[in-house]
Structure formats: structure tokens, C-alpha cells
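The block underneath contains the structure these notes are about, expressed in C-alpha cells.
FYI, side chains are in, hydrogens and waters are out, and symmetry mates aren't considered; it's all heavy atoms of this structure. This structure is a prediction, so every number in the text was calculated from the model and none was measured.
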Amino acid sequence: MSLAEPASPALFLGLISGTSADGIDAALVRFEGSSPTLRCELLRGRTYCWDETTRASLIALGQGGDAPSLDEVGRLDALTGLRFAEAALRLLDESGVAARDVRAIGSHGQTIRHRPHADPPFTWQIGDGNVIAERSGIDTVADFRRRDVAAGGHGAPLMPAFHAALLGSPDEDRAVLNLGGIGNFTLLPRAGGPPVRGFDTGPANALMDAWCERHTGAAFDAGGAFAAQGQPDQALLSRLREDPWFALPPPKSTGREQFHLAWLEARLETASTSPADVQATLLELTAATVADALLATQPDTRRVLVCGGGVHNARLMARLAAWMPQARVESTAAHGLDPDFVEAMGFAWLARETLAGRPGNLPAVTGAKGPRVLGTVFPA
């Protein structure tokens with residue numbers, strides 16, 4: 001069958017499980033047109049939770065743990081693909097949409113290693129696209145990041161081109177802040193400004209979630225209530241901010257394999273610091289490093305549009321606003337994009353770009369040698 005892009009409008013389905021591995025985000029999207037007049041309509045978005053056993057395996061691998069065997073990695077790759085396919089089919093069933101009416105699935109997969117500075121550099125997202133295509137009956141595009149890394153880039157972040165197509169303004173400098181397990185920025189300058197840029201800012205939900213789960217049993221700190229019980233430990237905050245990674249210039253990217261509980265514990269000089277104070281400190285670390293990054297790269301930003309799970313943490317949003325008083329901090333919902341599904345929508349868009357033969361990366365963001373068509377196509 002032909003893999004050429006159909007006449008728009010067309011339906012695409014995006015899938016992603018992020019650094020926090022708290023679930024598979026699935027988004028059914030209708031696209032029409034192209035930048036700068038791209039229209040994007042989210043028809044339905046849902047998050048489907050991982051079973052605890054699989055989630056534990058994914059987190060252990062993602063933060064640098066060794067797999068018991070190659071057989072286990074292979075099994076987990078196929079299982080992740082199966083769960084992604086199940087999420088896609090469940091979303092279609094809930095939407096009343098037939099698989100034959102979806103042009104393609106764009107699947108990010110689950111990152112288990114991200115080593116852009118290794119020799120040779122590599123990144124690894126599992127969730128076999130063959131399995132997704134076979135089980136769903138829908139053309140699938142997956143493995144988006146490795147081509148950019150092969151071209152000398154970080155393979156991340158990949159959302160800036162999507163953000164630029166939908167959220168830029170000719171009249172003001174804007175930034176899109178994704179608060180997933182890791183925080184990342186897309187810088188959208190006003191007309192006549194420098195190119196669009198993007199980079200990771202450091203830990204966001206992943207560290208806070210892990211600490212919260214250890215000390216409260218809850219998978220995440222709803223609304224920042226646990227952090228609100230404590231006060232930031234300024235000495236600990238200083239030690240955390242001194243990590244050399246924060247001083248690196250863009251392009252840069254990171255993940256759970258660098259910022260994890262062992263990293264935190266190595267900087268906890270006293271066991272007497274209360275768990276709530278540590279949680280408050282981690283929240284402050286996210287807000288402070290985001291603000292530091294914005295001040296260093298686009299200080300005249302007037303609007304910060306926030307998406308990802310962190311948008312629901314009211315305390316974090318308040319601290320971001322306090323750290324960035326020069327800018328209005330608001331959800332992407334104010335601009336027509338559901339903050340919970342921006343990334344899943346973005347991978348649906350990347351699948352569309354791949355089938356059209358258009359590059360999905362921005363070299364000024366990732367550091368790649370040039371624009372590249374991303375992803376591998378797995379025909380149904």
C-alpha cells in the first residue's frame with residue numbers, strides 16, 4: 001500500500017509514555033493544512049495506566065539499572081509495543097472510530113537509555129513498532145529519536161517544531177514549558193527574532209514523584225500538597241543546583257538515568273531533613289532551574305505556556321510564576337491545546353510529517369547536522 005500522505009484533513013493517533021512512566025498518553029487528532037496555518041483538533045485523549053510490574057521494570061531500566069538479560073529487554077520491548085497497541089485500539093473504541101479511518105499511529109515508545117554524549121552516542125526507546133502495526137492494523141511510525149542522534153544531535157527535544165506551528169506569536173517572545181518527568185523548553189521568538197530553540201531544563205515530575213511515592217505511597221504529589229507541608233532547604237537546593245549539567249549550554253538533554261533518587265541521596269548531607277522539606281526543595285529546584293534557563297536564553301519572554309502533568313501542580317505553577325515575574329505563566333489550554341496531551345498530539349504530527357517526507361527535527365534545537373525525516377515506518 002502507498003505510504004504517501006493523504007489529502008487533509010486526516011486522522012492520526014499519537015502515543016507516548018514519558019520519563020515518569022505513569023501511563024500511556026493516547027491522542028486521536030485531526031490535522032488540516034500546514035504551518036503557519038496548521039489546524040489541529042484533539043478528538044479524544046486518554047491516559048492508560050501501566051500495570052505495576054511493567055512500570056517498575058521500565059523505571060528501573062530508565063534510571064540506569066541493568067536488565068537481568070537480553071531476553072528480558074526483548075520481552076519488555078515486545079510487551080511495551082503490545083500495551084501501546086492496546087491503548088490505541090481502546091482509544092478508537094471509546095471514540096467510535098474504526099482503525100481503517102486512521103492514517104497512521106505515531107509512537108514515541110518508552111525511553112530506557114539516553115546517552116547523547118556516549119562514544120558513539122545513542123538513545124533507545126522500546127515499544128516495537130512491528131507489534132503496534134500488526135496488532136492495531138494501522139500504519140505505524142516509531143523510533144523517532146535515533147536518526148537525529150545519528151546525525152550528531154541529541155534526539156531531543158522533538159516538540160519544538162510542533163509548538164512553533166501552533167503556539168508562536170509574531171508580537172511577543174513566548175516559551176512553551178513541558179513539565180513531564182523532565183522539564184523542557186521551546187523558545188518561540190517574535191517575528192524577526194532568532195530561530196526557534198529548545199532544550200531540557202532538568203528534573204521536573206520524575207524526582208518529585210519518586211520521592212513522594214517512597215514517603216507517602218502516592219504515585220505523585222497531587223496539587224503539591226506534600227511539598228506544601230515542608231519548606232525548601234536552601235543549602236540542599238544550592239547543592240542540587242551546583243550539578244554541572246545545569247551549566248551546560250544548549251543543545252542539551254537528559255533523563256531519569258541522570259536525575260534519580262540516588263543522585264538526590266548523594267547530596268543529602270543529613271538524614272534529619274524531613275521528607276516534606278525535601279519534597280519542597282525538589283519542587284523549588286524545578287522552578288529555579290526553569291527560571292535560570294529562561295533568563296540565560298530568552299530573557300524577554302512575556303508568556304510561558306505550560307503543558308504536561310506538572311501543570312496540575314498548583315504549588316509548582318505558583319512557584320514558577322514567582323521565579324519568572326517578567327512573564328505570564330499559563331496553561332496551553334488557554335491557547336486551545338489540552339496540556340495533558342500536547343506531547344501525544346505532537347507525535348501524531350511527527351508521524352504525519354514522516355509520511356509526507358518532511359523533516360521533524362530542528363537542528364538549532366537538537367544540534368543535528370541538518371534537517372532529517374524522522375522515524376521508521378511499519379506498514380499495517
Practice item. I would like to know whether Glu330 and Arg303 meet salt bridge (Lys or Arg N to Asp or Glu O under 4.0 Å); could you show each step before the answer? Key: CA-CA 8 Å; Glu330 60 190 12; Arg303 197 177 302 269; 3.0 Å; yes

Exercise for review: Please lay out, stage by stage, how Glu284 and Arg319 fare under the test salt bridge (Lys or Arg N to Asp or Glu O under 4.0 Å).
Suggested key: CA-CA 7 Å; Glu284 200 74 0; Arg319 294 308 299 154; 2.7 Å; yes

Review point. Got a second to check how far Met324's CE is from Leu177's CG, nearest 0.5 Å?
Key: 6.5 Å

Practice item. State the CG-CG distance between Asp338 and Leu42, to the nearest 0.5 angstrom. Key: 6.0 Å

Point to revise | CH2 on Trp323 to CG on Leu295, rounded to 0.5 Å | key: 10.5 Å

Check your understanding: Measuring from Arg75:CZ to Leu82:CG, what's the distance to the nearest 0.5 Å?
Key -> 11.0 Å

Point to revise | Under 3.5 Å: donor-acceptor pair, side chain of Thr216, backbone of Glu213 | key: no

Check your understanding: Has the side chain of Ser95 got a donor or acceptor atom that lies under 3.5 Å from a matching backbone atom of Val97?
Key -> no

Check your understanding: Among side-chain atoms of Thr123 and His114, is any donor-acceptor pair under 3.5 angstrom?
Key -> yes

Exercise for review: Report, as yes or no, whether the 6.0 Å neighbourhood of atom CZ on Arg328 holds more than 12 heavy atoms from other residues, nucleotides or ligands.
Suggested key: no

Practice item. Measure the spacing between CZ of Arg146 and CG of Leu374 and express it to the nearest 0.5 Å. Key: 12.5 Å

Check your understanding: What do the steps show when you test Trp124 against Arg145 for side-chain contact (heavy atoms from CB on, under 4.5 Å), and what is the final call?
Key -> CA-CA 8 Å; Trp124 192 359; Arg145 298 191 185 275; over 6 Å; no

Exercise for review: Using a 4.5 Å cut-off on heavy atoms from C-beta on, say whether the side chain of Leu305 contacts that of Leu188.
Suggested key: no

Check your understanding: Are the side chain of Gln110 and the backbone of Gly18 linked by a donor-acceptor contact shorter than 3.5 Å?
Key -> yes

Study note, to complete from the structure: In short, side chain to side chain donor-acceptor pair (under 3.5 Å) pairs touching residues 179-198 with sequence neighbours left out are His163-Thr186, Asp173-Arg190

Check your understanding: Using 4.0 Å as the upper bound for N to carboxylate O, is an ion pair formed by Arg135 and Glu86?
Key -> no

Practice item. State yes or no: do Ile24 and Phe12 share one hydrophobic cluster built from I, L, V, M, F, W and Y residues joined by side-chain heavy-atom distances below 4.5 Å, directly or via other members? Key: no

Practice item. Decide yes or no for Gln258 and Asp243: does some side-chain heavy atom of the first lie under 4.5 Å from some side-chain heavy atom of the second? Key: yes

Check your understanding: Sub-3.5 Å donor-acceptor pair from the side chain of Arg239 to the main-chain atoms of Arg267, do we have one?
Key -> yes

Practice item. Report yes if the side chains of Leu15 and Phe347 come closer than 4.5 Å at any heavy-atom pair, otherwise no. Key: no

Practice item. Determine the sole option in Asp71, Ile126, Asp128 for which the side-chain contact (heavy atoms from CB on, under 4.5 Å) test with Leu76 is passed. Key: Ile126

Review point. Under the side-chain contact (heavy atoms from CB on, under 4.5 Å) criterion, do Phe185 and Val290 qualify, and how do the steps go?
Key: CA-CA 8 Å; Phe185 260 139; Val290 163; 3.5 Å; yes

Review point. Considering only heavy atoms from C-beta outward, does the side chain of Ile105 approach that of Ser136 to under 4.5 Å?
Key: yes

Point to revise | Donor-acceptor pair, side chain of Asp233 and main chain of Ala235, under 3.5 angstrom | key: yes

**Study point:** Worked check of salt bridge (Lys or Arg N to Asp or Glu O under 4.0 Å) between Arg103 and Asp139
**Key:** CA-CA 7 Å; Arg103 180 62 192 89; Asp139 292 347; 2.9 Å; yes

Check your understanding: Would a distance-only check, ignoring hydrogens and angles, find a side-chain to backbone donor-acceptor pair under 3.5 Å from Asp221 to Phe226?
Key -> yes

Practice item. Using a 4.5 Å cut-off on heavy atoms from C-beta on, say whether the side chain of Glu41 contacts that of Glu32. Key: no

Check your understanding: Between Leu350 and Met159, does a side-chain contact (heavy atoms from CB on, under 4.5 Å) hold up when you go through it step by step?
Key -> CA-CA 9 Å; Leu350 280 170; Met159 290 296 101; 3.8 Å; yes

Practice item. Could you label the plane-to-plane angle of the Trp263 and Phe246 rings as parallel, tilted or perpendicular, counting under 30° as parallel and over 60° as perpendicular? Key: perpendicular

Practice item. Classify the ring geometry between Phe162 and Trp349 as parallel (under 30°), tilted (30 to 60°) or perpendicular (over 60°). Key: tilted

Exercise for review: For the residue pair Ser169 and Glu172, confirm or rule out a side-chain donor-acceptor distance under 3.5 Å.
Suggested key: no

Practice item. May I ask you to test the Arg174-Gln298 pair for a side-chain heavy-atom distance under 4.5 Å? Key: no

Check your understanding: Tell me, do Leu13 and Leu11 make a side-chain contact under 4.5 Å, heavy atoms counted?
Key -> no

Exercise for review: Working to the nearest 0.5 Å, report the span between CG of Asp200 and CD1 of Ile182.
Suggested key: 6.5 Å

Check your understanding: So, does Ser331 use its side chain to make a donor-acceptor pair with the main chain of Ala334 at under 3.5 Å?
Key -> no

Point to revise | Cluster overlap Leu316 with Leu264, hydrophobic side-chain contacts below 4.5 Å | key: yes

Check your understanding: Distance-only, no hydrogens or angles: does the Asp25 side chain make a donor-acceptor pair with backbone N or O of Ala344 under 3.5 Å?
Key -> no

Point to revise | N/O donor-acceptor pair under 3.5 Å between Thr140 side chain and Ile138 backbone | key: yes

Practice item. For the residue pair Leu240 and Leu282, establish whether any side-chain heavy-atom pair is separated by less than 4.5 Å. Key: yes

**Study point:** Cluster link Val342 to Leu28, ILVMFWY, side chain under 4.5 Å
**Key:** no

Exercise for review: Evaluate side-chain contact (heavy atoms from CB on, under 4.5 Å) for Thr297 paired with Phe199, printing each intermediate quantity in order.
Suggested key: CA-CA 10 Å; Thr297 54; Phe199 51 89; 3.6 Å; yes

Review point. When you measure from the side chain of Asn205 to the backbone N and O of Leu179, does any donor-acceptor pair fall under 3.5 Å?
Key: yes

